[in-house]
Structure formats: C-alpha cells, structure tokens
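A short write-up of the structure that comes next.
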Amino acid sequence: GPTCCIIAQQCPDIQVTVVDKSAERIQAWNSQDLPIYEPGLAEVVEECRGKNLTFSTDIDGAIKSADLIFICVNTPTKTFGMGRGKAADLKYVELAARMIADTVEPGTGLKIVVEKSTVPVRAAESIGNILKHNKKPGVSYQILSNPEFLAEGSAVKDLLSPDRVLIGGEETPEGQIAVDALAGVYSKWVPEDKIITMNTWSSELSKLAANAFLAQRISSINSISAVCEATGADVSEVAKAIGRDTRIGPKFLQASVGFGGSCFQKDILNLVYISECLNLPEVAEYWNQVVSFNTFQRSRFARKVVESLFNTVTDKKICILGFAFKKNTGDTRESAAIYVSKHLLEEGAHLSIYDPKVSAVQVKLDLEDPERPEMFKKLVQCHKDPYVAADKAHALIVCTDWDEFSELDYKRIYDGMAKPAFLFDGRKMLDHSKLIKMGFHVETIGTRLSKSESERVDSPFLPAPCAHGSASVT
C-alpha cells in the first residue's frame, strides 16, 4: 500500500494499480477511511488516486497490463506442520506466483516480478521455479528481491527519505536489465548512492538480519533495565552513556515493556528456523534468546503490576493506555499490551482500554478466548475517552508511547481514581517526579523511584521489598 502510493506520487508518468481479493479492503482504499493509518498517507492517496493510482479487485487485468509486478502478501509464522512457530508460511507467496503464471498471456515478453514480502532466503528461487515451469510461449520472467525497511508510524517519511533501497537479482545480463528497470523507478526520488544492488540471496537475508539486529538492541537494553532496577542504576542514564559511543550510537536504546509489531519476532523466528535447517544450532539459539528475553520483559512487567497492587488484581479496575504496539499506528500485532492484558485477565482484573487508533473490534479479536468468551464480555471495556477509561481505576498502565499521553491532565485522572493510585509507565515517557508529587505511586522500567524504606507505607498486605522501580507519597 504505502510503497505503491509513494511510487505513484513520485513517478506521475507511471500507472500504479494496487489489487486485492478483498473487495472490502479495496473499497476502503477508495474511501476517506483508509484501511491502515500512517501519518501523511491519506494526503498522498488523495493527491494521486484517480490519476495514476488505482485500487481495484481486477487482479487478472492488472497482471496482464503490468511490466513490474510486486508481490506484497502476508508471510505469517506457520501455526502448524513442519517449522510450526518459527518458519514463515509462504502459501500466499506461492498462490500469488501461480496466479501470475496462470494469468500472463502468451507473447507478452518480459515480466519482472518483485518480491516485496518478507521471506526466507531463497524464496525468490521458489517463485522463479513456479513461474518458469508454468511459462507460456513468448513469456520470460525475472525475479527481484526488494525488501522494505519501513517503520510503522513513519512509513511515508521512510519511503520518501530511505536510508537505502536494496534490489537483489540474478547475476546475469537478463537479471541486470531487470535490476536496472526497478532502480530506474526509485531513482526518480532516491539518490543513486542509496540504491544498492546485490544478488537475490543477499537481499533477502539483509532484511531478516536488519530486523534481528534492531530487536537485539531492544532486548539488550531491556536486559540492562532489569540490572538497573536491582542495583539502583538508571537505564536512561546508562543508555545515554553507551549511546555516545560512536561505534554503538543512540538509536533503539529506549528501555520499555518490549518490542512488538508484525516483523521483529516473525523475522527472528524465521532466522532461527533457517539456522536450524542449516545445522547451525548455536546460531539458532543465539537469536532465539532475543525473542525469549522480550517475552520475559513483558511477563516481568505484568508481574510487577500484580505485586505492586498488594499481590492481587482480582476485581480491580486497571486502565490500559494504548493498545497498538507503537504510536502513530493502529497495528496491534505482537503488541506488549496484549500480553500484559492477558496476564491481568488471568488474574481476574477488570480492564478499561483506551487507544486513539485501535477499535474495540480489534481489541476483542486480540483478547477474547474462544473457549471462554464470557471472560472478555465480563472483564473488558473499551473507551473513546482516556478520562472515562481511567475513572475509578486502581491503576494506569501506559503500554503505547502515544504523544497525547504526555499531555493528559493527570491531576484530573488522579482525583477520580481509587486510592492509592498506581501508575505503571511501560514506555518511560512521563514526568515521574511530577506524578509522584500529585500522589501517584509510580512504577517504571529500568530505575528505582522509591524513597527510603523507612518511608514505605506500612501494610500487612504489602509484599517484602523487591527491586522494582517504584515510588509513593506517604
């Protein structure tokens, strides 16, 4: 979606057609209510739609008329069979390849098929085999790998000013012609030195490796956050210190409740599976630990909530601020909020959820247990107003780093909450000192906010002092 929209905007001489089997989704693309939220995307669509940008369900027609065909289908982690829980499910990629082979008419000449979906290494070879074994007279194919390096919430910006554009193709004269054709499209707005060409396999592995390295940095700083809580160090100060090292740099060193999204975990598990298949168990175990620690960080945070609330959240109202996996998107895939919410639901908490871009329908899809649907109906409510969501809550949990959460009137929220009022900042984005002065008991990640133990509230229900970042006014 976003990639094709930007191509249409930057290349007005190129006709771009986006096709999908889902009539409902195409209808949304043709409306004012786009099926995905990205800052700036609606303006781009409005500028180009009806000119050189078309959204259609006529897949056959689009394939027949296209010179470049982008395969942009989902590649979720397999849930059954060989490689379950790790390997990428390539059934949609294969179906797309077979559809192309069946649809292209004899005598069409060269068709360049571009693999945009995140796929395991050598997936392009599989696409090529399908196309070449079903090739019609007068038709030839070239398969390119052109992975996307977009961050949700800043996709338009990333597309307009990319760090790099990778194009992988066959190291043959025919392959070079195809690579040059796609590079010519990007060169309309991307500087030549940022368009990098390589062989197909290197391009495919680069995508998996890039996401694995980024996720590794997040798990690394989160592991340090646990040490900071136990020792009294501040993970923000540690991150600032090590980020000043030019060999390391400051990006992706923000400790949090954990990473989410559609790519990081999926791509790392894919890399783990590939390593296992290549008989590289040590490599597989190394990368698997990145995912394992992310799971631990979410669980650690959820346990902290329960422990802080006198070891029980049963029948207590907990307000979840943010359900998307990050700000500026409505995507909830692998969101930390899902894991934290499920943990609290198992403990019997009543959840009151607010997110500016996530619908109640999506929350239900993510949290409802098919075997116990009554639990969701009884324990979960979604709200369109953060103040209503927080009213009479025992605790607030910030799970998403929406900018608006920094601007809320927390004094108003505090006044309407049950006391003592707890606030758990899973994104380290709020002014903790100010919140403590208001009366909040604040918990965050990677630092101790507590006063001396002699100032702790005496209560027979309080657990023994533990090494969590906390603070309260007594």
* Asked: Does CD in Gln381 sit with more than 12 non-hydrogen atoms of other residues, nucleotides or ligands closer than 6.0 Å?
  -> no

* Asked: Donor-acceptor pair, Thr400 side chain versus Ala324 backbone, under 3.5 Å?
  -> yes

* To do: Begin from the C-alpha positions of Lys266 and Thr75 and carry the test side-chain contact (heavy atoms from CB on, under 4.5 Å) through to its verdict.
  => CA-CA 9 Å; Lys266 175 172 71 75; Thr75 53; 3.3 Å; yes

* **Expected output: side-chain Lys51 to main-chain Ala8 donor-acceptor under 3.5 Å** => no

* Structure fact -> In this structure, OG of Ser220 is separated from CD of Gln289 (nearest 0.5 Å) by 11.5 Å

* **Tyr92 OH: over 12 foreign heavy atoms closer than 6.0 Å** => no

* **Partner of Leu68 under side-chain contact (heavy atoms from CB on, under 4.5 Å), chosen from Val113, Ile112, Ile14** => Ile112

* Verdict with supporting geometry, Val238 and Cys228, side-chain contact (heavy atoms from CB on, under 4.5 Å) -> CA-CA 9 Å; Val238 174; Cys228 288; 4.1 Å; yes

* Asked: Which residue, Leu430, Asp425, Leu423, forms the side-chain contact (heavy atoms from CB on, under 4.5 Å) with Thr444?
  -> Asp425

* To do: Assess the side chains of Gln297 and Tyr339: does a donor N or O sit below 3.5 Å from an acceptor N or O?
  => no

* Structure fact -> Looking only at heavy atoms, the pair that brings Arg298 and Ser335 closest together is NH2-C, 4.4 Å

* Structure fact -> CG (Leu159) and CD (Gln9) are apart, to the nearest 0.5 Å, by 10.0 Å

* What are the two closest non-hydrogen atoms of Cys399 and Ala337, and how far apart are they? -> CB-CB, 3.8 Å

* Asked: Is any NZ, NE, NH1 or NH2 atom of the basic residue among Glu152 and Lys326 found under 4.0 Å from an Asp or Glu carboxylate oxygen of the other?
  -> no

* Enclosure of Lys434 NZ (heavy-atom neighbours >12, cutoff 6.0 Å) -> no

* Asked: CG/Leu396 to CD1/Ile413 distance, rounded to the nearest 0.5 angstrom?
  -> 6.0 Å

* Asked: Should the ring pair Phe55 and Trp29 be called parallel, tilted or perpendicular, given that the plane angle runs from 0 to 90° and is split at 30 and 60?
  -> parallel

* Between Asp431 and Tyr410, do the side chains contain an N or O donor and an N or O acceptor separated by less than 3.5 Å? -> no

* Is there a donor-acceptor pair under 3.5 Å between the side chain of Asp20 and the backbone N or O of Ser22? -> yes

* Asked: Where do Pro147 and Leu166 come nearest, in terms of heavy atoms and distance?
  -> CD-O, 3.8 Å

* Take atom CG of Asp33 as the centre, draw a 6.0 Å sphere, and report whether it contains more than 12 heavy atoms from other residues, nucleotides or ligands. => no

* Structure fact -> For Phe323 and Val363 the tightest heavy-atom approach is CD2-CG2, 3.9 Å

* Asked: For the atom pair CG (Leu34) and CZ (Arg25), what is the distance rounded to the nearest 0.5 Å?
  -> 10.0 Å

* To do: Inspect the surroundings of CZ in Phe213 and state if more than 12 heavy atoms from other residues, nucleotides or ligands are less than 6.0 Å away.
  => no

* Asked: Can you list the residues that meet the salt bridge (charged side-chain N to carboxylate O under 4.0 Å, His left out) rule with Lys188, with sequence neighbours excluded?
  -> Asp13

* Asked: Does one side chain, of Gln15 or Thr54, offer a donor that lies under 3.5 Å from an acceptor on the other?
  -> yes

* Might you work through the side-chain contact (heavy atoms from CB on, under 4.5 Å) test for His383 and Ser352, ending with a clear yes or no? => CA-CA 7 Å; His383 298 278; Ser352 181; 3.0 Å; yes

* Structure fact -> On a heavy-atom basis, the closest approach of Pro386 and Leu321 is CB-CD2, 4.3 Å

* To do: Show your reasoning for whether side-chain contact (heavy atoms from CB on, under 4.5 Å) applies to Ile274 and Leu208.
  => CA-CA 11 Å; Ile274 291 169; Leu208 297 182; 3.8 Å; yes

* SB check Glu204 Lys207 (cutoff 4.0 Å) -> no

* Heavy-atom pair with the smallest gap, counting every atom of Arg300 and Asn222 -> NH2-O, 4.4 Å

* Is Tyr141 reaching over with its side chain to a backbone N or O of Ile127, donor-acceptor style, under 3.5 angstrom? -> no

* To do: Kindly compute the distance separating CD1 (Ile100) from CD1 (Ile69), expressed to the nearest 0.5 Å.
  => 4.5 Å

* Give a yes-or-no answer on whether the side chains of Asn129 and Glu125 include a donor-acceptor pair shorter than 3.5 Å. => no

* Do Thr200 and Glu115 have side-chain atoms, one donor and one acceptor, less than 3.5 Å apart? -> no

* Between Phe424 and Phe422, how do the two ring planes meet: parallel, tilted or perpendicular, split at 30° and 60°? -> parallel

* So does Gln27 have more than 12 non-hydrogen atoms from other groups sitting under 6.0 Å from CD? -> no

* Structure fact -> In Asp355, Asp403, Asp401, the residue satisfying salt bridge (Lys or Arg N to Asp or Glu O under 4.0 Å) with Lys327 is Asp403

* **OG1 on Thr77 to CD on Gln265, rounded to 0.5 Å** => 7.0 Å

* **Residue pair Ser206 / Arg164, side-chain donor-acceptor N/O under 3.5 Å** => no

